[in-house]
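As the structure is a computational prediction, the values presented were derived from the model and not from experiment. By convention in this document, chain letters (A, B, ...) are assigned in the order of the sequence lines, proteins followed by strands, and residues within each chain are numbered from 1.
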2 protein chains.
Amino acid sequence: MAEKVTIADVARHAGVSRQTVSNVLNTPEVVREETRQRVLDAVEELGYRVNQAARQMRTGRSRLIATRIEPDRDGINGSVLDRFLHGLTESAARAGYRVLLYTADDDTAEIATFEDLLGAYEPDAFVLTGTHHGDIRTSWLLGRGMPFVTFGRPWGVPDGAPHAWVDVDGAAGTAAATRHLLDTGHRRIGFLGWPAGSGVGDDRREGWARTLRAAGVDPAGLDRATSDGVDDGETAARDLLESGDPATALVCASDSLALGALHAVRSPGAAVPSEDRAGPPVAVIGFDDTPVAKAVGITSLSQPLAEAATSCVTLLTRLLDGDNRTPGSSGDPHPHVLLQPSLVRRRSG
Amino acid sequence: MAEKVTIADVARHAGVSRQTVSNVLNTPEVVREETRQRVLDAVEELGYRVNQAARQMRTGRSRLIATRIEPDRDGINGSVLDRFLHGLTESAARAGYRVLLYTADDDTAEIATFEDLLGAYEPDAFVLTGTHHGDIRTSWLLGRGMPFVTFGRPWGVPDGAPHAWVDVDGAAGTAAATRHLLDTGHRRIGFLGWPAGSGVGDDRREGWARTLRAAGVDPAGLDRATSDGVDDGETAARDLLESGDPATALVCASDSLALGALHAVRSPGAAVPSEDRAGPPVAVIGFDDTPVAKAVGITSLSQPLAEAATSCVTLLTRLLDGDNRTPGSSGDPHPHVLLQPSLVRRRSG
DNA sequence: TCCGTGGGTTTGAACGTTCAAAGAGAAATA
DNA sequence: TATTTCTCTTTGAACGTTCAAACCCACGGA
């Protein structure tokens, strides 16, 4: 086992007291230049590293950020959060924090884990993903005065954001996709999404509908709602393509749905197979730019996940350091960042 | 902020001393039944939770397991480690440990991170992934006497395993795939893999070659080595299919290569397009059962990742608790677990 | 000469836990 | 009765750090 170097060892080696060493590390401006250098040399020479546990005990700060790792549900969209997690780990490290993982099957279980973690490891903050209407996790954390940032907006909250958040503008994404299809000559552009009420889903649908209307196309009857599976997407797409005046292009709320849609478009098993209808093939655009979309050649909207992670850490450090500032400072009460997705063009559209 | 409940609060509330409370939690058998119950009630009532930092300071155990989160290289195979990570987080939690994340670009950087983490957070153990020939990470950890488990064998180590490990039997996987193809009537079965020397790659190639030989087929000339990209796979597959006596089926070392192979097989741009050759289409089998394989319909070998993660935690806890036992106990010096992959059949083979 | 000032440093205590050892009774033994 | 033994419980110290306060000393002003 490695020999443990403490602050006392450094102090002895540099011929100063414990506190001076501590000052050199935490408030260097208070130490005389010459002394500081001597201490730094000793630190270097002995390979000293501050012990987090001891520091935490005294200061109450663990320099730990806790976040949940999701069981990848359908395997396709799971990769999104994994990439976010990787970015978070990197950004956090740069800011001097480490990421602590936990799992939880639902919001209630997650809150139980909050209690557990707060009692035992005392993370300085949480990063929540997958926010939704009536999210009990955020209210719980707010009630505790616990610092946190969400990747995802606080959906359905009437008066102002109650907490810091980072999100990607889904509506802007589907709007860009729709505009792209309009530019390519499509008019009847359908939307494949999730049942109303899901925040993210409604937002993405809204971007599509808004853009169609602006182009003078009535979106009514051009959208279908279903759960987020490949087969669901295929069924819903087929339904949309068999309607009286079928869509010639589809914007989808996820790559899973887009993959399903592609099956419907390509598969000869369709009641109205594409060969029967003259004209160009039906265009399909997905959301999230997952590896699957890339492999299959689906045009998709890419979320800037690394940037989102960095923003989360930036907001968090601001929150955590803000404790020291004047508590009543009303500037920037609940900062947020809204990032733009970008369209990655592939064969499907 | 939540009120902090300490062991002293519990002691006062139950009318006993600090140490008795500690004993109830750590060595209950030493406390009288009645007292124990009284303390447990107090713990419950006050919502007491042991403070990890304080405990760590005294015992030197952090109940933290550190592991690396990889930047997903080609996006396809990345999902494998993410699923493993999720399993690890769950299994660790069940054993009373939490997972701490870090990133590192190469082995040297990873070792630097070891030093950093060991000085600051003092994780009890590491879980390493992606072992390879001459892995300097494992030797570094061994030199420090630091407990760890690798997901991946210690490749190229002559005399016995120097440390605990968990792995999936790649050779058995490709052997099963090859056998399956033989059973389907194929004889000229090719292999698409990586350049020799990579441990994992050589192992997977060996399973294929061994099985072919056993069936009386000479594998010579039937394999190609390339780097792990979709385009690389396509090129290599094309090369293999254009040879004098082309393969009728391909076993691939990864789903990325398999996807490339599928392109080569299906694409009409091939010098020897499948339509020109009479007979059934070329079968393709991948490795890892990624979401992409599922989406595209590639038959692939699935690794039992959750089980692998559980095994890692099991081996770790044995290592960590083993410290207390007789140090010279020679039973089970470096335990390991070798799991079997399973073939998931899809359209491609 | 004395005092106040201020930069730079040290001292003692505390964070919450567990280890090691000591203490308090009651029961068993001499 | 005195002594040992045993079970259960308490006391003091320690882990490594930082906070709060005290200390030291050189300097400038009265």
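- The distance from the CH2 atom of B:W155 to the NE2 atom of B:H132 is 12.5 Å, given to the nearest 0.5 Å.
- Of the residues in residues 20-35 of chain A, A:T20, A:V31, A:R32, A:T35 come within less than 4.0 Å of DNA chain C through at least one heavy atom, sorted by number.
- Counting only heavy atoms from C-beta outward, the side chains of B:D9 and B:R12 approach each other to under 4.5 Å.
- With respect to A:R38 and A:D41, no salt bridge is recorded, no charged nitrogen being found less than 4.0 Å from a carboxylate O.
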Quick one: side chains of residues 117-129 of chain B, donor-acceptor pairs under 3.5 Å with protein atoms, not counting sequence neighbours, listed by atom name and distance.
from	atom 1	to	atom 2	distance (Å)
B:Y121	OH	A:R63	O	2.7
B:E122	OE1	A:N51	ND2	3.3
B:E122	OE1	B:Q56	NE2	3.0
B:E122	OE2	A:K4	NZ	3.2
B:D124	OD1	B:S62	N	2.9
B:D124	OD1	B:S62	OG	3.3
B:D124	OD2	B:S62	N	3.4
B:D124	OD2	B:R63	N	2.7

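- Between the side chain of B:T131 and the main chain of B:R153, a donor-acceptor pair closer than 3.5 Å is present.
- You won't find any donor-acceptor pair under 3.5 Å spanning the side chain of B:R58 and the base of D:dG16, going by distance alone.
- With rounding to whole Å, B:K4 atom NZ is found 9 Å from C:dG16 atom C1'.
- In this structure, A:F84 and A:V166 have side chains that are not in contact, with every pair of non-hydrogen atoms separated by 4.5 Å or more.
- With D:dT17, C:dT17, C:dC15 as the candidates, the nucleotide lying closest to the side chain of A:R55 is D:dT17.
- The distance from atom CG of B:L100 to atom CG of A:L64, rounded to the nearest 0.5 Å, is 6.0 Å.
- The side chain to side chain donor-acceptor pair (under 3.5 Å) search around A:Q52 returns none, not counting sequence neighbours.
- By the side-chain contact (heavy atoms from CB on, under 4.5 Å) test, B:T310 is found to be paired with B:S91, B:T314, residues two or more places apart in sequence or in another chain being considered.
- Nucleotide D:dC19 holds its C1' atom 15 Å from the CZ atom of A:R61, rounded to whole Å.
- Set against C:dG12, D:dT17, D:dC15, the side chain of A:Q19 has C:dG12 as its closest nucleotide.
- Rounded to an integer number of Å, the gap from OH of B:Y121 to C1' of D:dT17 is 15 Å.
- Nearest heavy-atom pair across A:P162 and A:L142 is O-CD2, 3.5 Å.
- Distance A:R12 CZ to D:dT17 P: 12 Å, rounded to the nearest Å.
- Taking atom CD of B:Q56 as the reference point, atom P of D:dT17 lies 12 Å away to the nearest angstrom.
- For the residue pair A:T150 and A:W165, the shortest heavy atom distance occurs at OG1-CB, 3.2 Å.
- Distance A:R63 CZ to D:dT17 P: 15 Å, rounded to the nearest Å.
- Each end of the helix from C:dT1-D:dA30 to C:dA30-D:dT1 gets its own axis, taken as the rotation carrying the C1' atoms of four end pairs onto the next four within a five-pair window, and the two axes meet at 70° to the nearest 10 degrees.
- Summarising the geometry, the separation between CZ on A:R18 and P on D:dA14 is reported as 14 Å, rounded to the nearest angstrom.
- The CD-C1' distance, from B:E122 to D:dC15, rounds to 10 Å in whole Å.
- The backbone N or O of A:A104 lies less than 3.5 Å from a partner atom in the side chain of A:R68, making a donor-acceptor pair.
- Side-chain proximity of A:S17 to C:dG16, C:dT11, D:dT11: nearest is C:dT11.
- For the contact set between residues 36-50 of chain A and DNA chain C, defined by any heavy atom under 4.0 Å, there are no members.
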